[in-house]
Amino acid sequence: MSGTLYVVATPIGNLKDITRRAIEVLNEVDFILAEDTRVTMKLLHFYDIHGKKLISFHEHNEEKKIDEVEKLLKDGSDIALVSDAGTPLIQDPGYRLIRHLRKNGYPIVPIPGPSALISALSVSGLSTDAFVFLGFLPHKKKKRHDLYERIRDLNMTCVIYESVHRIDTLLEELCEIFPDREIFVAREMTKVHEEYYYGKVCEIKDNIKKKGEFVIIVGKSYER
Ligand code: SAM
């Protein structure tokens, strides 16, 4: 019988944000596929999980690792997939692997837990009945602007991930294109310096500390 691949969500900052089941699974599997083995080692150490076989699995070697993972599963090994933070595959590696294994009938089980997207949305005060998750926006300006047009037409809550390097540009563009929309910015959630900002983007953009990790949520053109 083949082994199972567990897709395990891990904390997005505070190491205590992990489920008991995730810890059990990490303790019990034969192998852990880790985006950055040093980050995962820190988590394992925090939970006294020792002697685990870690396999490096990131966007640059994902394709190459698929055969190896498939063979391990075929041999009956149970495997966990983790990323550096949050839920694997949500703007993190794993899609190509899961797609291959799903198509070939292997057991794949989620171990749910944190994701920056859902955490930010849940405290945003913006409509959550229908939303689009855009992840990181395209690097090319033209492509970004095409996307803004589509957002405008959709009129749904939009969730965007951004790093410190491009947050300024994003906020400037949002101010220009959506001056009347309410936005919500979650910075460094669950970490020591977590901060939340809410209001019209042009009014709040200069107050936002440009450090750390961000989720930006753009409200609909009309919030009730
Ligand atoms: N897999 C993760 C998840 O489930 O949310 C996302 C990984 S993605 C590579 C990293 C991005 O997620 C960051 O650039 C930021 O936009 C967002 N993010 C992750 N942790 C965060 C946090 N603690 N506070 C704010 N944003 C965070």
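All residue numbers in this chain count up from 1 along the given sequence. First listed ligand is number 1; within each ligand, the first listed atom is number 1.
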Donor-acceptor pairs under 3.5 Å, side chain of residues 2-25 to any protein atom, not counting sequence neighbours: which ones?
residue, atom, partner, partner atom, Å
N14, OD1, K16, N, 2.9
T19, OG1, A22, N, 3.0

Check residues 101-118 and write down every donor-acceptor pair under 3.5 Å in which the side-chain atom is one partner and the other belongs to a residue at least two apart or another chain.
residue, atom, partner, partner atom, Å
N104, ND2, H100, O, 2.7
Y106, OH, E70, OE2, 3.0

Contacts table for ligand 1: protein N or O within a distance under 3.5 Å of ligand N or O, distances only.
residue, atom, partner, partner atom, Å
ligand 1, 1 (N), A85, O, 3.1
ligand 1, 1 (N), T87, O, 3.0
ligand 1, 1 (N), I90, O, 2.9
ligand 1, 1 (N), D92, OD2, 2.7
ligand 1, 4 (O), T87, N, 2.9
ligand 1, 4 (O), S115, OG, 2.8
ligand 1, 5 (O), S115, OG, 3.3
ligand 1, 5 (O), A116, N, 2.8
ligand 1, 5 (O), Y161, OH, 2.6
ligand 1, 16 (O), E162, N, 3.2
ligand 1, 16 (O), E162, O, 3.4
ligand 1, 16 (O), F214, O, 2.6
ligand 1, 20 (N), E213, OE1, 3.3
ligand 1, 23 (N), I12, O, 2.9
ligand 1, 23 (N), M189, N, 3.4
ligand 1, 23 (N), M189, O, 2.9
ligand 1, 24 (N), E188, N, 3.4
ligand 1, 24 (N), M189, N, 2.9

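- With respect to E149 and R152, a salt bridge is recorded, a charged nitrogen being found less than 4.0 Å from a carboxylate O.
- Relative ring orientation between H50 and H45 is described as perpendicular, the plane-to-plane angle rising above 60° on a 0-90° scale split at 30° and 60°.
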Kindly list each side-chain donor-acceptor pair under 3.5 angstrom involving residues 125-140, sequence neighbours excluded, with atom names and distances?
residue, atom, partner, partner atom, Å
S127, OG, D129, OD1, 2.6
S127, OG, K220, NZ, 3.4
H139, ND1, R166, NH1, 3.4

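- With I79 as the partner, the side chain to side chain contact (heavy atoms under 4.5 Å, CB included) test is satisfied by one option alone out of L33, V29, D30: L33.
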